[in-house]
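For reference, the structure discussed in these notes is given below.
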Amino acid sequence: MTTATATDSGPGPGPGPALITCDRLVRVFSTAGVEVQALQGLNLVVREGELMALVGASGSGKSTLMNILAGLDTPTAGAARVADRDLLTMTAADRLSYRRETVGFVWQQTSRNLLPYLTAAQNAALPLQLAGSRRHRGRRIRAQRALELLELLHVADCRDRHPHELSGGQQQRVAIAVALANNPAVLLADEPTGELDSGTAAQIFDAFRTANETLGTTIVIVTHDQAVAGEVRRTVAIRDGRTSTEVLRRSEVDAGTGRETVVAREYAMLDRAGRLQLPADYVRALDMRDRVALELETDHIAVRPDDSGEGRA
Ligand code: ADP
Ligand code: MG
């Protein structure tokens, strides 16, 4: 298998093998003769068992990426693999089983996640019925599994209520239960707390963490919420349809005081051709433009503003 080795190396986002691999992913939308390059050669590796956040300005391509990973949209070019499925060459039948068995998703609009005429418990049992899983054959077994998930997400008391009888936060918890019902390899959430106040958003985030820690589900969350992004070990920023920088956080225990602190470090993506995108604020801080001076040192590369005085406007 030839996957993105460039992004595979380095500090490494986690211990598990790669579960999601996007290699130079491109998605071009053409509407009324106008082309929009929503993804412009995006590289991303997500490892099994990770809980990570994707951040980026509006229009940077986050939802386009999520729709591709969810099997709802197909890339224009590049490679995308999730749990050993090739998202570019899947047949329509593969795509359907992929959506029903391999991925679960939670969307921002609480109304998009649940069927209004079913109760919370019926919503959570529905994916099991649709997938026709052998393990969950029989209505009683499915109802039991649905209830266990509602319990895990602290909404078991809502089991007999319809979505309109639930708060926004309860609806999203039930939505997470629905998304987890078939024990998917990956749970994708596109701004799942976008319609919630910050207190409720923090609780929903805890629900994702519970799912990740208890069930081991790999989770990718798109979020605008800095507080949420600060809670995960790894945050990848998308800029203009490409992954630009990522922040890794790890806890360090002070040997003297025994106090635990979280250390965050910023990384940039390096593609196979050696291309690197510097964070915009770094570039601005040193007024770098057009050309920079490079020096290879024994253990690092120095990047300085162009001091040649030649050819600069
Ligand atoms: P984000 O989720 O980061 O806000 P999107 O992935 O929704 O960004 O959009 C990325 C770019 O692609 C935007 O310029 C958007 O207008 C465009 N785009 C997204 N979906 C479509 C579509 N179905 N048709 C045309 N353009 C689209
Ligand atoms: Mg979006």
Side-chain angles (χ1 to χ4, degrees), residues 7 20-46 50-82 87-88 90 92 95 98-99 103-114 168 171-172 175-176 179 186-198 200-201 204-205 208 219-232 234-247 266 268-269 271 277 279-281:
T7 42
I20 299 177
T21 310
C22 298
D23 191 12
R24 287 170 287 181
L25 201 59
V26 174
R27 178 65 169 105
V28 180
F29 292 109
S30 309
T31 25
V34 180
E35 275 200 352
V36 177
Q37 292 212 8
L39 298 181
Q40 310 191 32
L42 177 138
N43 295 321
L44 177 70
V45 174
V46 179
E50 264 197 83
L51 166 63
M52 56 95 67
L54 282 177
V55 297
S58 177
S60 57
K62 305 181 298 295
S63 293
T64 302
L65 173 63
M66 294 302 264
N67 286 328
I68 289 171
L69 295 179
L72 298 169
D73 185 26
T74 18
T76 309
R81 297 187 69 87
V82 178
L87 301 190
L88 277 89
M90 271 196 298
R95 196 167 283 283
Y98 173 80
R99 287 206 297 261
V103 286
F105 22 88
V106 177
W107 308 107
Q108 172 174 354
Q109 300 85 357
T110 50
S111 56
R112 189 174 166 191
N113 291 314
L114 302 172
Q171 287 185 38
Q172 288 305 66
I176 298 171
V186 190
L187 178 57
L188 304 168
D190 194 352
E191 307 207 23
T193 61
E195 291 183 353
L196 307 174
D197 62 79
S198 59
T200 311
I204 295 305
F205 191 75
F208 281 110
I219 304 181
V220 180
I221 304 178
V222 169
T223 182
H224 259 111
D225 191 335
Q226 273 310 317
V228 166
E231 285 285 314
V232 295
R234 180 179 179 220
T235 305
V236 172
I238 297 193
R239 203 167 111 199
D240 299 333
R242 286 193 194 94
T243 41
S244 57
T245 55
E246 79 177 64
V247 174
E266 188 158 11
M269 305 290 164
D271 77 7
Q277 191 174 24
D281 47 336

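All values reported here derive from a predicted model rather than from experimental measurement. No hydrogens, no waters, no symmetry mates; every other heavy atom, side chains included, goes into these values. Every number for a ligand or one of its atoms is a count from 1 in the order of the listing.
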Check: Should you measure from each heavy atom of A57, which atoms of ligand 1 turn up under 4.0 Å away?
Finding: 3 (O)

Checklist line | Per-atom contacts, ligand 1 versus G59 - under 4.0 Å to a heavy atom | finding: 1 (P), 3 (O), 4 (O), 8 (O), 10 (C), 11 (C), 13 (C)

Who's the nearest protein heavy-atom neighbour of [atom], and how far?
{"atom": "atom 6 (O) of ligand 1", "result": "T64 OG1, 2.5 Å"}
{"atom": "atom 8 (O) of ligand 1", "result": "G61 N, 3.2 Å"}
{"atom": "atom 23 (N) of ligand 1", "result": "F29 CE2, 3.6 Å"}

Hey, does [Y] have a side-chain heavy atom less than 4.5 Å from the side chain of [X]?
{"X": "T74", "Y": "L87", "result": "no"}
{"X": "T64", "Y": "F29", "result": "yes"}
{"X": "N43", "Y": "D23", "result": "yes"}
{"X": "E191", "Y": "K62", "result": "yes"}
{"X": "Q108", "Y": "D190", "result": "no"}
{"X": "V236", "Y": "M269", "result": "yes"}
{"X": "L54", "Y": "M66", "result": "yes"}

Checklist line | Under-4.0 Å protein heavy-atom contact, atom 15 (C) of ligand 1 | finding: no

Item checked: Close approach, G56 and ligand 1, non-hydrogen under 4.0 angstrom -> no

Check: Side chain or backbone of V36 under 4.0 Å from ligand 1, or both, or neither, by non-hydrogen atoms?
Finding: side chain

Item checked: Nitrogen or oxygen of A38 less than 3.5 angstrom from that of ligand 1 -> no

Margin query: With nothing but distance in play, are any N or O atoms of S63 less than 3.5 Å from an N or O of ligand 1?
Written below: yes

Next item on the list: Tell me, please, if Q108 has any N/O/S atom, main chain or side chain, under 2.8 Å from the Mg ion (ligand 2)?
Entry: no

Checklist line | Whether R27 side chain and A38 backbone form a donor-acceptor pair below 3.5 Å | finding: no

